[in-house]
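Below, each value reflects all heavy atoms present in this structure, side chains not excepted, and no hydrogens, waters or symmetry copies.
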Amino acid sequence: MRSMLFVPGDSRKKLAKSLDCGADALIVDLEDSVAPTAKAEARAVAAEFLDGLPAREDRPRIYVRVNALDTGLTDDDLDAVVPHGPDGIMLPKATCGADVMLVDAKITTSEALAGVGDGATRIVALATETGGSLFEMGSYKGSSARLEGLTWGAEDLSADIGALTNRDADGAYTDIYRLARALCLAASAGAAVMAIDSVFIDFRDDAGLRADCEEGVRDGFVAKMAIHPAQVATINDVFTPSDVAIGEAEAIVRAMADAGGAGVASLDGRMIDRPHLRRAERLLARARAAGKPVSV
């Protein structure tokens, strides 16, 4: 999975169009993009959308972003959509692993009542949207077998801490948001789940989006969220390993295999070892998932 596109959960038109935008996953949003007075309608529209999904293997995965636990709306959201078989639930404003455990229990109940297979519904947690959540990023390890990924957000975090902006005069994130981003990467590695990069809000700035994606790939993110269909192609392009990168990874795998059981090998005059092999194997796994040919 490379791209995850947010789609307002109360818009039948946008939901229908989103199926063919090229995103690997859609996030049907019941939270920020839906007015308080439209929550019930959005649940009904989301359930209808899930029921009408085309039976084709290449359709995007479908996640539903529910409302945060402190709103009192989460149970109604889960009861409305889990019986209709989304691939996963996105939990916003998660404060710690205990929140994921709680949502796991709620999903389990909804699945059981609806006759959905136990564990079928995965969880992605938006884990840095409050200041206090940054101190709990290590708590996601072992929180739930459903946990599939962690992502981070700068917009809600800036509102929570009272910042005037989350970027400096040069357009770079200021320190606390860079900390949130780094903690998301570390927490994802610790919990052995996907690290999903945050949105790039200027959907007309493709050059800025590409640079943001390239920085994310460089640092270890495997996917990125999008707020507009126009961003999907660029995200997919950058997060798909290039032919050059695939070739380099294949060479590392072959060199380590040729070295037998040794922990090190030589490749083009440089030493490689098991960390290089692990990175190569992970890149090749991403390439396969994106449909790229891999020869090892």
Side-chain angles (χ1 to χ4, degrees), residues 1-7 21-27 29 31-32 60-61 63 65 87-94 100 122-130 133-134 137 140 147-158 166-168 170-242 245 279 282-283 285-287 289-290:
M1 188 161 62
R2 302 158 297 178
S3 54
M4 303 181 76
L5 173 66
F6 281 103
V7 188
C21 74
D24 293 332
L26 305 178
I27 305 169
D29 189 21
E31 194 208 15
D32 286 346
R61 291 171 60 83
Y63 295 78
R65 180 165 71 169
D87 295 294
I89 295 296
M90 176 171 280
L91 175 65
K93 299 176 180 65
V100 172
R122 311 292 285 171
I123 296 173
V124 171
L126 255 166
T128 70
E129 293 188 301
T130 63
S133 66
L134 301 186
M137 291 299 288
Y140 290 96
L147 186 63
E148 187 175 30
L150 293 173
T151 186
W152 70 286
E155 305 308 316
D156 283 283
L157 178 58
S158 63
N166 51 38
R167 293 182 182 266
D168 62 21
D170 295 324
Y173 280 117
T174 56
D175 286 349
I176 190 166
Y177 309 101
R178 294 188 66 80
L179 173 63
R181 180 179 182 275
L183 287 172
C184 179
L185 280 166
S188 299
V193 298
M194 291 187 297
I196 302 166
D197 206 0
S198 188
V199 298
F200 185 81
I201 61 173
D202 189 350
F203 61 85
R204 294 183 179 89
D205 182 6
D206 188 66
L209 171 64
R210 181 169 292 275
D212 199 57
C213 290
E214 289 171 349
E215 184 175 302
V217 170
R218 179 199 68 194
D219 291 344
F221 288 101
V222 299
K224 187 172 183 66
M225 299 184 295
I227 60 169
H228 194 280
Q231 296 179 314
V232 169
T234 296
I235 293 173
N236 284 347
D237 181 47
V238 177
F239 279 86
T240 300
S242 68
R279 285 199 297 269
R282 292 178 66 174
L283 185 142
R286 288 173 43 223

Side-chain heavy atoms of [X] within contact of [Y], under 4.5 Å:
X    : Y    : answer
R61  : E148 : yes
T128 : L134 : yes
L126 : R65  : yes
Y177 : S158 : yes

Is the backbone of [Y] close enough, under 3.5 Å, to the side chain of [X] for a donor and an acceptor to pair up by distance?
X    : Y    : result
E31  : P92  : no
D170 : A172 : no
K224 : I196 : no

Ignoring hydrogens and geometry beyond distance, is a side-chain donor-acceptor pair present between T240 and R2 at under 3.5 Å?
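Present: a donor and an acceptor within the cut-off.
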Closest contact, heavy atoms only, [X] versus [Y]:
X    : Y    : value
L185 : A195 : CD2-CB, 3.9 Å
L5   : P229 : CD1-N, 3.8 Å
A25  : M1   : CB-SD, 3.4 Å
G208 : F200 : C-CZ, 3.5 Å
D32  : D156 : OD2-OD2, 3.7 Å
V124 : Y63  : CG2-CE2, 4.0 Å

Can you list the steps and then say if F221 with S188 is a side-chain contact (heavy atoms from CB on, under 4.5 Å)?
CA-CA 9 Å; F221 288 101; S188 299; over 6 Å; no
Could you go step by step and tell me if D87 and R122 meet the side-chain contact (heavy atoms from CB on, under 4.5 Å) rule?
CA-CA 6 Å; D87 295 294; R122 311 292 285 171; 5.9 Å; no
Go through the steps for Y140 and V193 under the test side-chain contact (heavy atoms from CB on, under 4.5 Å), then give the verdict.
CA-CA 10 Å; Y140 290 96; V193 298; over 6 Å; no
Passes side-chain contact (heavy atoms from CB on, under 4.5 Å), D237 versus R210? Steps please.
CA-CA 9 Å; D237 181 47; R210 181 169 292 275; 2.9 Å; yes
Once the angle between the rings of Y173 and W152 is folded into 0 to 90°, is it parallel (under 30°), tilted (30 to 60°) or perpendicular (over 60°)?
perpendicular
